[in-house]
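Read through the structure below, which is laid out as structure tokens, and then see the notes.
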Amino acid sequence: MPSMASNNSTHTAKINQLNGPKADFVARRQKIEKHRKALPIAAAEKRLVDEVSNNDVLIIVGETGSGKTTQLPQYLLNGGFGRNGVIGITQPRRVAAVTVAKRVAEECGVTLGQKVGYAIRFEDVTSTSTRIKYMTDGLLLREALLDPYLSKYSVIIVDEAHERTVHTDVLLGLLKTVQKKRSQGVNDTVNNHRIQTENGIESQKENELQSTSIMKNNQGKKLSPLKLIIMSASLDAKIFSDYFGGARAVHVQGRQYPVDILYTHQPETDYVDATLITIFQIHLEEGPGDILVFLTGQEEIESIERLIQERLPKLAESKRKLLVVPIFASLPSEKQMKVFMPPPSGFRKVILATNIAETSLTIPGIKYVIDPGMVKLRTYDASTGIEPLIVVKTSKAQALQRSGRAGREGPGKCYRLYPESEFYKLKASTTPEIKRCNLANVILQLKALGVDDILGFDFIEEPERMAIIKSMELLFLLGAFTDGSKLSDPVGHQMARLPLHPIYSKALIVASQFNCLEEMLIIVALLSVESIYYAPREKLEESRTALRSFSSPEGDHLTLLNIFRASDEFLEKSKLVISQDKAEKKLRKWCKQNFINSRSLKHARDIHSQIRRNVEQMGLHVTSCGEDMLPLRRCLAASFFLNAALKQPDNTYRALSSGLVVKIHPSSVLFRMKPECIIFNELVRTNQNYVRNVSTIDYLWLPELAPQCYALQE
DNA sequence: GAGCACTGC
């Protein structure tokens, strides 16, 4: 064998020498083919294609490493399913859509964006020749607003369905009805779909628009039936099968190395301490291999990091080679990259991570996983509308996902810091997101898709009635509905078209009437991203000084506007003398000097240009209020009137709609000013109720601008 | 005078 191998490589090297890049290409193709054939799913190619031919809905249970995401679309294309339409594959995350598309384009030997492409928000790398299209599930939902029958697709594959994101859940419901309608034929359903609106010429226009687009796609012939494939990890195939009327489920083997699961004998009272002990125990007693620890948040990660650093010097010098690497989403990207770098020779890496390491990124070299069994979860309280984060026990599925991270490159070990009996008491899977979030956007989208009766919609799992009703109330107050709770025209339809929280969508529509849409587009873009401020604890004062020149006495909204404009001016000025790339690099430096998170600012810039395009297409007039901030401030009051609060004698505030006692968050420019009347965008509950993104308004504006909520006292 | 799991349009 060894001599064979060496002969082979000499042979290849010779060809390389003779034919250069072409032989390189051939060698790479051969390597790719070999890799593809070795995947567990490869043996099932014909069977899978037959299953898809014979079943309109197919559930595929594929374990990690089966190759289903990259291979199945290629099998279907070769099986002829791309002839009558595009094969679409949805992913919950943007990076996944992009990286998988790149990989498949390479495997097919085509340029990305031609036969194989991807589409995510802000980026469409597809063309008319695209047959395999990877995309985020949220993007496909948006496409459905313009093409309710998803007529360009012959097959839709919903990948990672077990994650049960809101988008996946809504998409499954939509696909179920789309499939039914497409198999029935389109002609008689067009008029029933979303069109039962009693008012207005506008909506008729929109209906006509839709009918024509369907006709065009249809070219006079009936739309072909839609094939639907749901791909999921093993635990809950039955849920999907039942939802699709007992659809057939097939199983595809994965490729994972065995992982030893170890439990504690007793429940741990202090899991931070237990985590520390386990880290050192592995480090001192186990063979080489990196350690991945799952923790609940930044604070916990930083405190454990400190504790490790304190204890390390107490070890024998030869045992001190332990490199601690934290990772969480809000960490600047250059620091995040450290988890992918190999440690100095002889060192063991211990990675302290949040959930980000569960699915979003895969870290190489992990042999040991420590799982304390806790996770920080966003919840939703329908009665107050607050969405607090709480620490809860993981689910069984999550525990399995975490332990699986130890078996990607070889056999591994997972230390669960609770007794085995506790594992069996865990919930099978995490409560789907749709049951623990604000539903305003979901409802708006469903209404725009023609679902009139939200309470009667066939959700795979029903959200709470109260959560639906609360969100309907909000949409009603924003003017998105008619009295018959249909989407209003034009406001409701315009709101549904914008990729923003409904409150912000409405703010844009209001701003067009106040002649300050130019300004509001900026403010809403900034309110839609993570905080753009970045101040490490040790440089708090320095950052405050840097930001002082932007701050406005009128509040955080105008401050945000000032920062955006300053950054934009800086970028435009740079672009006059240097290339776009260099100018953007220079902007990042500017951000750093001013303690601004450049990732968030970039995101806001992208959103800004997208929503600016959206409102222009909708025919709204983008005008500016110029130097006069009064109309803009009145517009903020008219837009965010539901979140108004009045100062009380003790300098706290009372929120007018909920009656909650709140304080201005210390990060606000108004923290010390304590104006009489404010509006705010966010209510966070920690030890107290804090409001963030606050502006001062004149309280007399409320009855004038929002008489439906506020009446003048006699 | 305070902290923010993770995604997505």
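A quick note: this is a predicted structure, and the numbers were derived from the prediction, not measured. By convention in this document, chain letters (A, B, ...) are assigned in the order of the sequence lines, proteins followed by strands, and residues within each chain are numbered from 1.
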**Prompt:** Are any of the side-chain heavy atoms of V95(A) and S360(A) separated by less than 4.5 Å?
**Reply:** no

**Request:** Quickly work out the F122(A) CZ to dC9(B) C1' distance and round it to whole Å.
**Result:** 8 Å

**Message:** For a quick test of reading the model, state the closest non-hydrogen atom pair linking S505(A) to L500(A) and the distance between them.
**Reply:** OG-CB, 3.6 Å

**Prompt:** Checking all strands, does L389(A) fall into the base, sugar-phosphate, or nothing category for heavy-atom contacts under 4.0 angstrom?
**Reply:** base

**Message:** Just to be sure I understand the rule, does N687(A) reach a base, reach only the sugar-phosphate, or reach nothing, if contact means heavy atoms closer than 4.0 Å?
**Reply:** sugar-phosphate

**Request:** Tell me what R142(A) touches on the nucleic acid: a base, only sugar-phosphate, or nothing, going by heavy atoms under 4.0 Å.
**Result:** base

**Prompt:** With a non-hydrogen cut-off below 4.0 angstrom, is R164(A) in contact with a base, only sugar-phosphate, or nothing?
**Reply:** nothing

**Asked** For the rings on F564(A) and H608(A), is their centre-to-centre separation under 6.0 Å?
**Response** yes

**Prompt:** For dT7(B), does OP1 or OP2 lie under 4.0 Å from any side-chain N or O of T136(A)?
**Reply:** no

**Request:** Check DNA chain B against residues 166-178 of chain A and give the residues with a non-hydrogen atom under 4.0 Å, in numerical order.
**Result:** H167(A)

**Request:** Please state how far atom CD1 in I664(A) lies from atom C1' in dA2(B), giving the value in whole angstrom units.
**Result:** 14 Å

**Message:** OP1 or OP2 of dC6(B) versus the side-chain N and O atoms of T354(A): is any pair under 4.0 Å?
**Reply:** yes

**Item:** Side chains of H665(A) and S667(A), donor plus acceptor under 3.5 Å
**Value:** yes

**Message:** Looking at every heavy atom in both A101(A) and G117(A), which two are closest together, and how far apart are they?
**Reply:** CB-O, 3.9 Å

**Message:** With a 4.0 Å cutoff (strictly under), does any side-chain N or O of R94(A) reach OP1 or OP2 of dC9(B)?
**Reply:** yes

**Message:** With a 4.0 Å limit, can you tell me whether T296(A) has a side-chain N or O closer than that to the phosphate oxygens OP1/OP2 of dA5(B)?
**Reply:** no

**Prompt:** Base, sugar-phosphate, or nothing for R685(A), non-hydrogen atoms under 4.0 angstrom?
**Reply:** nothing

**Fill in**
By nearest-nucleotide position on DNA chain B, the 5'-leaning member of V375(A) and L139(A) is V375(A)

**Request:** Have a look at T165(A) and say if it touches a base, only the backbone sugar-phosphate, or nothing, with a 4.0 Å heavy-atom cut-off.
**Result:** nothing

**Item:** Greater than 12 external heavy atoms within 6.0 Å of K674(A)'s NZ
**Value:** yes

**Message:** Counting distance alone, no hydrogens or angles: does the base of dG1(B) have a donor or acceptor under 3.5 Å from a partner atom on the side chain of R672(A)?
**Reply:** yes

**Complete:** Against the side chain of R93(A), the closest entry in dG8(B), dA5(B), dC9(B) is dG8(B)

**Item:** Aromatic ring pairing F640(A)/Y504(A), orientation class (parallel under 30°, perpendicular over 60°, tilted between)
**Value:** perpendicular

**Asked** Between atom CD in E682(A) and atom P in dA2(B), what is the gap in whole Å?
**Response** 17 Å

